[in-house]
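These notes concern the structure reproduced below.
When reading the values below, keep in mind they use all heavy atoms of this one structure, side chains included, and skip hydrogens, waters and symmetry mates.
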Amino acid sequence: MSRSILKNLIPIVCICIFFTVVSIFNNTIKDEYPDAANMKFGISEMLKASDTAEYTIDDTVVYRSDNTNAELFGDCYYALLINETDKQVIASKNAHERMYPASMTKYMTAMVVCDKINSGDINLNSTVTLARDYDLTYDGVAPADIFYGDEIAVKDLLYGLMIESNNYYALILADYVAGSEEAFCALMNQKAKSIGATGTHYMNPHGLDDPEHYSTAYDTYLITKEAYKYDLIREIDEYDSYSYSYISEEGYLINREIFPTNYFLNGNVDLPSGFDVHVWKTGTTDGAGNCLSMYVTKNGKTYIVIASSGDSKQVLYDSMVKLLCLVK
């Protein structure tokens, strides 16, 4: 055989060998994981993430194609109910589609703050003196009632953040913990990645709409489950009211009493019988609509329930009640 023929055959042989190896690899994956095509993480994504222990096939609870009982929630664009005890999907609608998380963002804000408290970097009872004024009125938020020079405890900022969903407290905590909103969001995104919430990206600590600030119902499930691990967050979320005070720059004592934004806890809507709420977070923006995520228990079993994009509070809570009533 001439050298010219050999020279032409070598590339063809190499290509054949390459595709043979790829085919064997893919068949091995399919044989071992027959449902891989439907899983939250594709094979290529899992290989890219192979250096982090969080990303494994076993972590997938909701397949991308899962539409269990989705037809029941025509007025709510995102819905998810998981029996966490049995790892069973009871309802799923658009669980992996990108959405605005609104103030459900504050789960992550609170967790980053709690991590800093637990590590000893900051103290829950420390006093924060505001180094600047904050203004979110351009985003449709009411004017702040706390200003430059005012003094308030980290504890009260954290309780106000979670109970009344105070957007200004989110910014104050971000500056206090990380030095800037941008640096704090980097910590939030790092935390999200560490728990497998790869469909989430944060641009702010409060959850006001931003095209690059997004999550999914499935990621919110992961984040809610993570939030439950924090004793302090569970403690805060059990309050049906909270009173605190802070000192103005002029030295006046300002007293405040706040109430949960969760209608199940503030008495506006009856929680279906038998459920106990342990962790929760509401959210409302133009982009997100009305949102609620809860970690609940009933008859010794744990459930995580999420609804988002209800056109009104009534639609949201009707959907939440309908979801919870699917639990037998």
Side-chain angles (χ1 to χ4, degrees), residues 100-194 197 200-215 223 226-227 230 232-233 236 242 244-256 258 261 281-285:
Y100 286 118
S103 284
M104 293 189 297
T105 295
K106 295 183 176 94
Y107 271 138
M108 190 61 69
T109 305
M111 285 193 285
V112 171
V113 173
C114 286
D115 283 344
K116 292 297 183 180
I117 293 170
N118 293 338
S119 67
D121 291 339
I122 63 173
N123 191 295
L124 183 65
N125 297 311
S126 293
T127 298
V128 179
T129 301
L130 270 66
R132 66 183 179 95
D133 286 324
Y134 296 86
D135 183 13
L136 293 171
T137 56
Y138 52 85
D139 279 321
V141 180
D145 59 2
I146 189 167
F147 307 101
Y148 171 84
D150 292 353
E151 298 179 359
I152 184 171
V154 171
K155 177 181 179 180
D156 298 329
L157 288 170
L158 193 56
Y159 276 58
L161 174 83
M162 296 301 287
I163 294 173
E164 71 166 353
S165 202
N166 194 305
N167 293 310
Y168 294 105
Y169 287 8
L171 292 172
I172 296 167
L173 284 166
D175 281 345
Y176 180 71
V177 169
S180 71
E181 185 178 353
E182 293 75 16
F184 190 84
C185 287
L187 297 176
M188 295 172 70
N189 288 317
Q190 180 181 343
K191 180 76 173 180
K193 181 179 178 182
S194 75
T200 294
H201 184 262
Y202 298 110
M203 290 294 291
N204 62 63
H206 42 64
L208 296 178
D209 293 340
D210 183 297
E212 295 303 315
H213 187 97
Y214 52 80
S215 188
I223 292 164
E226 184 72 13
Y230 290 78
L232 184 53
I233 293 176
I236 293 170
Y242 180 72
Y244 65 100
S245 59
Y246 60 89
I247 301 173
S248 71
E249 184 184 17
E250 297 79 17
Y252 297 113
L253 188 67
I254 311 297
N255 296 309
R256 295 202 65 208
I258 57 176
T261 54
K281 192 69 201 74
T282 58
T284 304
T285 64

* Asked: Does the ring center of Tyr242 lie less than 6.0 Å from the ring center of Tyr159?
  -> yes

* Given Asp209, Thr105, Asp139, the one that forms side-chain hydrogen bond (donor to acceptor under 3.5 Å, both in side chains) with Thr285 -> Asp209

* Structure fact -> In this structure, CG of Leu232 is separated from NZ of Lys155 (nearest 0.5 Å) by 8.5 Å

* To do: Applying side chain to side chain contact (heavy atoms under 4.5 Å, CB included) between Lys116 and each of Asp121, Leu173, Leu124, Asn123, report the one that passes.
  => Asp121

* **Closest heavy-atom pair and its distance - Gly207, Asn204** => N-OD1, 2.6 Å

* To do: Measure the shortest side-chain to side-chain distance between Cys114 and Leu158 over non-hydrogen atoms and say whether it is less than 4.5 angstrom.
  => yes

* **Derivation and outcome, side-chain contact (heavy atoms from CB on, under 4.5 Å), residues Tyr148 and Glu249** => CA-CA 7 Å; Tyr148 171 84; Glu249 184 184 17; 3.8 Å; yes

* **Rounded distance [0.5 Å steps], CD1 in Ile233 versus NZ in Lys281** => 11.5 Å

* Asked: Where do Pro205 and Ala174 come nearest, in terms of heavy atoms and distance?
  -> CG-CB, 4.0 Å

* Verdict with reasoning, Leu130 to Ile172, per side-chain contact (heavy atoms from CB on, under 4.5 Å) -> CA-CA 7 Å; Leu130 270 66; Ile172 296 167; 3.8 Å; yes

* Structure fact -> Taken in chain and number order and not counting sequence neighbours, the residues that satisfy side-chain contact (heavy atoms from CB on, under 4.5 Å) with Tyr246 are Asp145, Ile146, Asp150, Ile152, Tyr169, Tyr244, Ile254, Arg256

* To do: Say whether Asn166 and Lys106, considering side chains only, have a donor N or O and an acceptor N or O under 3.5 Å apart.
  => no

* Is it true that a side-chain atom of Thr137 and a backbone atom of Val141 form a donor plus acceptor pair closer than 3.5 Å? -> no

* Asked: What's the verdict on side-chain contact (heavy atoms from CB on, under 4.5 Å) for Ile122 and Tyr176, showing C-alpha distance, side-chain angles and the deciding distance?
  -> CA-CA 9 Å; Ile122 63 173; Tyr176 180 71; 3.9 Å; yes

* To do: Determine whether the side chains of Ser165 and Ser103 contain a donor N or O and an acceptor N or O closer than 3.5 Å.
  => yes

* To do: Mark yes or no for whether His206, through its side chain, and Ala170, through its backbone, hold a donor-acceptor pair below 3.5 Å.
  => no

* Asked: How far apart are the closest heavy atoms of Tyr168 and Leu136, and which atoms are they?
  -> OH-N, 3.2 Å

* Structure fact -> One should read off an interatomic distance between Tyr100 OH and Thr284 OG1, to the nearest 0.5 angstrom, of 15.5 Å

* Asked: Heavy-atom distance under 4.5 Å between the side chains of Tyr107 and Glu226, does that happen here?
  -> no

* Do you know the tightest heavy-atom contact between Ser245 and Asp156? -> O-OD2, 3.7 Å

* Phe184 vs Val112, side-chain contact (heavy atoms from CB on, under 4.5 Å): CA-CA, chis, key distance, verdict -> CA-CA 8 Å; Phe184 190 84; Val112 171; 3.5 Å; yes

* Asked: Does one side chain, of Tyr202 or Asp210, offer a donor that lies under 3.5 Å from an acceptor on the other?
  -> no

* Structure fact -> dist Thr109:OG1 -> Met188:CE (nearest 0.5 Å) comes out at 3.5 Å

* Structure fact -> Ser215 and Ile223 have their tightest heavy-atom pair at OG-CD1, 4.4 Å

* Nearest 0.5 Å, what's the CG-OH distance between Asn167 and Tyr134? -> 13.0 Å

* Asked: Quick one: are Asn125 and Val154 in side-chain contact, heavy atoms under 4.5 Å?
  -> no

* **Contacts of type side-chain contact (heavy atoms from CB on, under 4.5 Å), residue Gln190, not counting sequence neighbours** => Leu187

* **Residue pair Thr282 / Met104, side-chain heavy-atom distance below 4.5 Å** => no

* Identify, with sequence neighbours excluded, every residue that meets side-chain contact (heavy atoms from CB on, under 4.5 Å) alongside Thr129. => Glu151

* Does any N or O in the side chain of His201 come within less than 3.5 Å of the main-chain N or O of Glu212, such that one atom is a donor and the other an acceptor? -> yes

